[in-house]
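Working notes for the structure below.
All values reported here derive from a predicted model rather than from experimental measurement. Along the sequence shown, residues are numbered consecutively beginning with 1.
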Amino acid sequence: MAHQVEPALLVVSAHAGDFVWRAGGAIAAATARGERAKVVCLSYGERGESARAWRDGKSLEEIKDIRRGEAEAAASALGAEIEFFDAGDYPLLPSPELVDRLVHVYRDVNPTVVLTHPLIDPYNADHPAAARMALDARILAQAIGYPAEGEPLGAPPVFFFEPHQPEQCDFKPNVLIDITDVFPQKRKAMESLVAQEHMWTYYTDLARRRGVQVKRNAGPNLGFSTDRMGEAYVRYYPQVAEVLS
């Protein structure tokens, strides 16, 4: 009998807030189902995504502490574990050492689903860098001879979550998920990110727009209003199935 793999979600986030804006609903939905969810923040977003703290005269280490606390509170609101690599941002520079650390996370979590950034983002090079490392680590974690504890990884699907300016990132969603039931948790997580309060309304409005698309793609357009909330994703690897659906 084949070994049953316990469902687990791994999210590789370049900065401390990315996983909340882009995938908070998917994370909250996973944990609501009783699944393990692990977030890896490669950086705190201390240099490029903490403008308010810099204007307030905070030091670099103070800003890191602020962003870490915010991200921990957000992860708690979503029911997720969180780990920080403190690899620096603007720029976040890929390295064999960071990829190796991710391989060890993959082996520990043994994810059945992986979420990360798209490979294109002309506004923020940290995001594609994080995605590239997440993909490279997935490949290495599959290698039976790679020196990391745990069993070789299977083939978890990878989904790219929505970037801030999707049109400029060639982001064309092919997966929409309904996050209506867990949106209160996502909103609570967003409100934990006080350093980026200006994003709260934007991502609430985006969830409403994606919710309209969720409804439209799930059935006929009967002209009724909808109160659905959604998130959009791109699946990177092919889906394997016996029946088309």
Side-chain angles (χ1 to χ4, degrees), residues 2-20 22-24 26-27 30-31 35-46 48 68 71 75 78 80-122 124-163 169-171 174-175 233-241:
H3 175 65
Q4 185 68 33
V5 177
E6 291 294 326
L9 176 66
L10 176 61
V11 185
V12 180
S13 179
H15 310 110
D18 295 333
F19 72 94
V20 180
R22 294 150 167 80
I27 296 168
T31 60
E35 300 173 12
R36 181 183 183 186
K38 172 74 175 278
V39 176
V40 174
C41 286
L42 298 178
S43 82
Y44 298 114
E46 64 270 15
R68 181 186 183 107
L78 300 173
E81 307 166 33
I82 191 164
E83 181 176 347
F84 302 93
F85 279 16
D86 192 13
D89 70 323
Y90 283 71
L92 170 63
L93 298 176
S95 72
E97 292 76 19
L98 288 175
V99 172
D100 179 71
R101 288 183 67 181
L102 281 173
V103 172
H104 283 75
V105 173
Y106 271 100
R107 289 280 181 90
D108 172 66
V109 176
N110 191 19
T112 47
V113 175
V114 178
L115 307 181
T116 193
H117 300 266
L119 289 165
I120 299 173
D121 191 334
N124 195 319
D126 291 0
H127 295 161
R132 187 74 267 162
M133 286 189 283
L135 294 172
D136 289 349
R138 178 187 179 276
I139 293 169
L140 296 178
Q142 291 178 300
I144 192 169
Y146 192 89
E149 293 182 0
E151 295 297 316
L153 202 66
V158 176
F159 295 89
F160 297 146
F161 42 61
E162 184 163 8
C169 300
D170 196 29
F171 183 85
N174 53 26
V175 177
Y233 294 85
V234 168
R235 185 182 181 117
Y236 186 56
Y237 295 107
Q239 180 181 7
V240 177

So which atom in [X] and which in [Y] form the shortest heavy-atom distance, rounded to 0.1 Å?
X      : Y      : result
Tyr233 : Arg22  : OH-O, 3.5 Å
Ala23  : Phe161 : CB-CD2, 3.8 Å
Met133 : Ser95  : SD-N, 3.9 Å
Cys169 : Pro122 : SG-CD, 3.9 Å
Ala71  : Ile82  : O-CD1, 3.7 Å
Leu92  : Asp126 : N-OD1, 2.8 Å

Sub-3.5 Å donor-acceptor pair from the side chain of [X] to the main-chain atoms of [Y], do we have one?
X      : Y      : result
Thr31  : Ala80  : no
Asp18  : Ser13  : no
Arg107 : Glu151 : yes
Gln142 : Gly154 : yes
His15  : Asp89  : no
Ser43  : Ala87  : no

Should [X] and [Y] count as side-chain neighbours, where that means a heavy-atom distance under 4.5 Å?
X      : Y      : value
Arg101 : Val40  : no
Val12  : Val105 : no
Tyr236 : Val114 : no
Val234 : Val175 : no

### Task
Salt-bridge test for Glu83 and Lys38: reply yes if a basic N is under 4.0 Å from a carboxylate O, no otherwise.
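A salt bridge links Glu83 with Lys38.
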### Chi angles and distances behind the side-chain contact (heavy atoms from CB on, under 4.5 Å) call for Leu102, Phe85
CA-CA 9 Å; Leu102 281 173; Phe85 279 16; 3.9 Å; yes
### Task
Kindly determine whether Phe160 and Phe171 satisfy ring pair (Phe, Tyr, Trp, His ring centres under 6.0 Å), including the steps that lead there.
CA-CA 9 Å; Phe160 297 146; Phe171 183 85; 8.3 Å; no
### Task
Measure the OG1-CG distance between Thr112 and Leu9 for me, rounded to the nearest 0.5 Å.
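If I round to the nearest 0.5 Å, the distance is 7.5 Å.
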### Query
To the nearest 0.5 Å, what is the distance between CD1 (Ile27) and CG (Leu10)?
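Here the rounded value is 10.0 Å.
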### Query
Are Arg138 and Tyr237 in a cation-pi setup, meaning NZ or CZ lies under 6.0 angstrom from the ring centre and within 45 degrees of the ring axis?
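Output yes; distance and angle both within limits.
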### Task
Test side-chain contact (heavy atoms from CB on, under 4.5 Å) on Arg36 and Val109 and set out the steps.
CA-CA 8 Å; Arg36 181 183 183 186; Val109 176; 4.0 Å; yes
### Query
Can you list every pair that meets ring-ring contact (aromatic ring centres under 6.0 Å, His included) and has a residue in residues 91-115, with sequence neighbours left out?
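Not a single pair qualifies under ring-ring contact (aromatic ring centres under 6.0 Å, His included).
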### Task
Test side-chain contact (heavy atoms from CB on, under 4.5 Å) on Val39 and Leu78 and set out the steps.
CA-CA 11 Å; Val39 176; Leu78 300 173; over 6 Å; no
